[in-house]
Amino acid sequence: MQNLAVGIDKMDFYAPGYFVDMANLAQARGVDPKKFNEGIGQDQMAVPPITQDIVTMGANAADFLTEEDKAAIDMVLVGTESGIDQSKSSAVYIHHLLGIQPFARSVELKEACYSATAALHLGLDYVRTHPERKVLVVASDIARYGLETSGEATQGAGAVAILLAANPRLALVDPDSAFMTEDVMDFWRPNYTDKAMVDGKLSLRQYTHVLEQVWDKYQAETGLTLDDFEAVCFHLPYTKMGLKGLRRLMKGASDEKKDSLRTYFEASEQYSRRIGNVYTGSLYLSLISLLDQAEGLKAGDRIGMYSYGSGSVGEFFSLILADDFQAGQDKAAHEAFLDQREEISVDRYEALFNDVLPTDGSELTLTAEHPSETYYVQGIADHQRHYAKR
Ligand code: COA
């Protein structure tokens, strides 16, 4: 038990204040809405305004931190694949915006959608040796494939913030873990473009291939089997991908176990269905959704976690729900947050998509419009992004 006493103490998410309904997007693209709702498994897609980037979304997600937390945080680790600067880390901006004590490490990590999991384990190793201190992990991304591309329906934006601590309120993270790296070009984004390049079919094959590899290794090394898991959370770039992963994992399981895992999966995909792809935060958004929406979870239950980053790196690890895990989640607040977002037309989504910050050194000043934007991009001057809190 000594090894298990560190984990997730608090956790929350942020998504932009605007979304497009996937049925409307399907209609505009001349596609059967069932393809998006059922075939891909998405109902709504978050659309970020120009005033939200990975820094502001990360700060907005971490707005739950208390002054006591901020005084105890020794590391701010940001996982992202839509960074705003090749040199300066987004973690430094987030550290400043949140007012975290100055004697902290602030670093950005990158490996497609996987890096927040690396940040989680790095942070937990630190907390194991410094049990009085805390680590903030932020996963923040804007998923952009381009208008009228095959990846368009799997866009989205959002952030998840995770506070790591000893004797955590939400979940203990088991140090047993299986991970692997395999060099594959299934998804990438060269420096000269802000839109991802993807081989969607290869990506799906690699996602399930890596899952099989790390799951086999995990079982061999831990002696655990599917029956030891109450539920499994997946990286969900679109929810159907996770469902395909779950089907692989459930091969050979009893009908009763399959039904139970499917029910939990449906709870875990609810928020992703309404936000879309948040890249690095996606696995952790599915965990928040599971904890809020599932019925029957109890302290001591083991939750499997499958993290995948194209390119590719994958990992299977597990969490044990802590005694007070229910007190740490706020389903009503999360649902109210999603409900207060504004639905926009496909025309407005296209306009917001094309409304990007200047890349030619010109300056501009911005005002946040949506009430959820506590932190926002105030503008650009002298080639620097300026942020504000309201
Ligand atoms: N009703 C119900 N389902 C339908 C349908 C309809 N009318 N029309 C199509 N579908 C289903 C298809 O059968 C398919 O489901 P299946 O895979 O279970 O068979 C699904 O919808 C998607 O159809 P497909 O023809 O494969 O769509 P596509 O060529 O437009 O590509 C993606 C879909 C997801 C591959 C594409 O959007 C993509 O590449 N996205 C990016 C993926 C990514 O980000 N990968 C990296 C992250 S790990």
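Indexing begins at 1, ligand by ligand and atom by atom, following the structure's order.
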| Pairing of Arg302 and Asp228 as salt bridge, 4.0 angstrom limit |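 Looking at Arg302 and Asp228, the cut-off is not met.
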Check the orientation of [X] and [Y]. Use parallel for under 30°, tilted for 30 to 60°, and perpendicular for over 60°.
X      : Y      : value
Phe229 : Trp215 : perpendicular
Phe317 : His121 : perpendicular
Tyr145 : Phe187 : perpendicular

Hey, does [X] come in under 3.5 Å of ligand 1, counting only N/O atoms on both sides?
X      : value
Ser203 : yes
Lys240 : yes
Ser310 : no
Thr154 : yes

List the closest protein heavy-atom neighbour of [atom]: residue, atom name, distance to the nearest 0.1 Å.
atom                    : result
atom 33 (C) of ligand 1 : Ile40 CD1, 4.1 Å
atom 39 (O) of ligand 1 : Gly200 CA, 3.2 Å
atom 44 (O) of ligand 1 : Tyr145 OH, 2.4 Å
atom 11 (C) of ligand 1 : Gly39 CA, 3.5 Å
atom 29 (O) of ligand 1 : Lys201 NZ, 3.5 Å
atom 32 (C) of ligand 1 : Ser150 O, 4.5 Å
atom 7 (N) of ligand 1  : Asp32 OD2, 2.9 Å
atom 17 (O) of ligand 1 : Lys244 NZ, 2.4 Å

| query | Is Lys110 atom NZ crowded by more than 12 heavy atoms from other residues, nucleotides or ligands, each under 6.0 Å away? | reply |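 Open.
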| Going by atom types only, do Thr117 and Tyr284 share a side-chain donor-acceptor pair under 3.5 Å? |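 Judged by distance alone, the side chains do pair up.
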Backbone of [Y] reached by a side-chain donor or acceptor of [X] within 3.5 Å:
X      : Y      : value
Gln52  : Tyr375 : yes
Arg144 : Phe353 : yes
Ser282 : Asn277 : no
Ser272 : Glu269 : no
Gln340 : Phe337 : yes
Asp21  : Gln44  : no

| said: Any protein heavy-atom neighbour for atom 13 (O) of ligand 1 (distance below 4.0 angstrom)? | reply: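 No; the ligand atom in question lacks any protein heavy-atom contact below 4.0 Å.
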| message | Protein non-hydrogen atoms only, distance under 4.0 Å: does atom 4 (C) of ligand 1 have such a neighbour? | response |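 Yes; the ligand atom in question has protein heavy-atom contact below 4.0 Å.
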| query | What atoms of ligand 1 come within less than 4.0 Å of a heavy atom belonging to Tyr308? | reply | 48 (S)
| field | Atom indices of ligand 1 within 4.0 angstrom of Pro237 heavy atoms, with elements | value |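 Per the distance check, 47 (C), 48 (S).
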| message | Counting only heavy atoms, tell me which of Phe187, Tyr279, Tyr238 gets closest to atom 34 (C) of ligand 1. | response | Tyr238
| Option nearest atom 25 (O) of ligand 1 (shortest heavy-atom distance, choices Lys35, Gln206, Lys34) | Lys35
| message | Looking at ligand 1, is there an atom of it that comes within less than 4.0 Å of some heavy atom belonging to Glu152? | response |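 Glu152 does not count as a contact of ligand 1 under the 4.0 Å cut-off.
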| message | Once you restrict to heavy atoms under 4.0 Å, what part of Met241 touches ligand 1? Side chain, backbone, both or neither. | response |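 The part of Met241 near ligand 1 is the side chain, not the backbone.
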